[in-house]
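Numbers for residues simply follow the sequence, beginning at 1. FYI, side chains are in, hydrogens and waters are out, and symmetry mates aren't considered; it's all heavy atoms of this structure.
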Amino acid sequence: MGRWTQYDEDSYRLPEGMKRVGYDSDTGRYYYRDSSGSLWEGPQGAQYGELRRAHGAPAVAVATDDHTHDEDEEAEIGVPSSRADGYAPLAVDTDGTLQARHTSRTDSAYRVLLPFFLIIAAVLLLVFRLVHASTPSELPEPLHCPGSNEAYTIARGDTCWGLSQARGCTVQDILDINQGLKCETLQPGEAICLPPTHAV
């Protein structure tokens with residue numbers, strides 16, 4: 001920001017007889033009073049600019065003419081007295097009381113950070129859920145095969161024909177031991193029963 005100059009003062013920037021009397025933080029407008037007592041408003045979000053006559057503007061809590069009477073009223077409703085530079089608070093309620101609208105800096109900082117904390121919590125919850133979903137909660141029960149047959153866990157690339165050749169039996173022997181087994185749909189990790197190994 002540049003250094004201070006006389007061009008930044010109301011006495012230089014405002015027309016003669018015009019005085020700044022208030023600011024409405026809800027609309028972001030400054031209010032001015034001319035020498036005839038008319039109320040004017042500035043552009044939204046700017047200290048200076050084209051002034052328009054204010055219609056439906058909030059009533060100024062302290063008028064500039066009847067100063068002593070207004071000070072008594074201010075004391076009754078708890079409004080701070082006007083400042084030496086001509087600023088006066090604007091009435092915001094119908095009963096003339098001002099409400100505290102500002103929150104502390106720590107409250108506003110937590111409000112800004114809250115969405116980020118929620119996103120982090122959601123990501124951690126998803127990771128936790130995925131980790132627990134991928135680990136089996138119970139180990140599968142071991143397969144009990146009838147007679148002298150042996151349990152075997154299918155490995156990648158195993159086929160009924162390959163297993164029958166390794167065991168020295170026929171594919172039909174494997175299908176007879178495992179009722180409902182389909183050789184086309186063998187999955188790695190699946191347990192089946194195989195006859196004992198015979199010498200080929």
Roughly how far apart are [X] [atom1] and [Y] [atom2], rounded to 0.5 Å?
X	Y	atom1	atom2	value
Q44	T27	CD	OG1	6.5 Å
E150	I192	CD	CD1	12.0 Å
L194	C145	CG	SG	7.5 Å
W40	Y31	CH2	OH	14.0 Å
I174	S164	CD1	OG	5.0 Å
E41	L51	CD	CG	9.0 Å

- Query: Y32 vs Y30 aromatic rings, parallel, tilted or perpendicular, using cut-offs 30° and 60°?
  - Reply: tilted
- Message: Is any side-chain heavy atom of L163 closer than 4.5 Å to one of I154?
- Response: yes
Show the nearest heavy-atom pair for residues [X] and [Y], with the distance to one decimal.
X	Y	result
N149	P196	OD1-CD, 3.8 Å
A166	T197	O-CG2, 4.1 Å
W161	V171	CA-CG2, 3.8 Å
N178	C193	ND2-O, 2.7 Å

May I ask you to decide if [Y]'s main-chain N or O and [X]'s side chain share a donor-acceptor pair within less than 3.5 Å?
X	Y	result
R29	P43	no
D173	T170	yes
R33	S38	no

Please tabulate, one pair per line, all N/O donor-acceptor pairs under 3.5 Å involving side-chain atoms of residues 179-186, not counting sequence neighbours.
residue, atom, partner, partner atom, Å
Q179, NE2, D176, O, 2.8
T185, OG1, K182, O, 3.2

- Query: Under the salt bridge (charged side-chain N to carboxylate O under 4.0 Å, His left out) test, which residues partner E190, sequence neighbours left out?
  - Reply: none
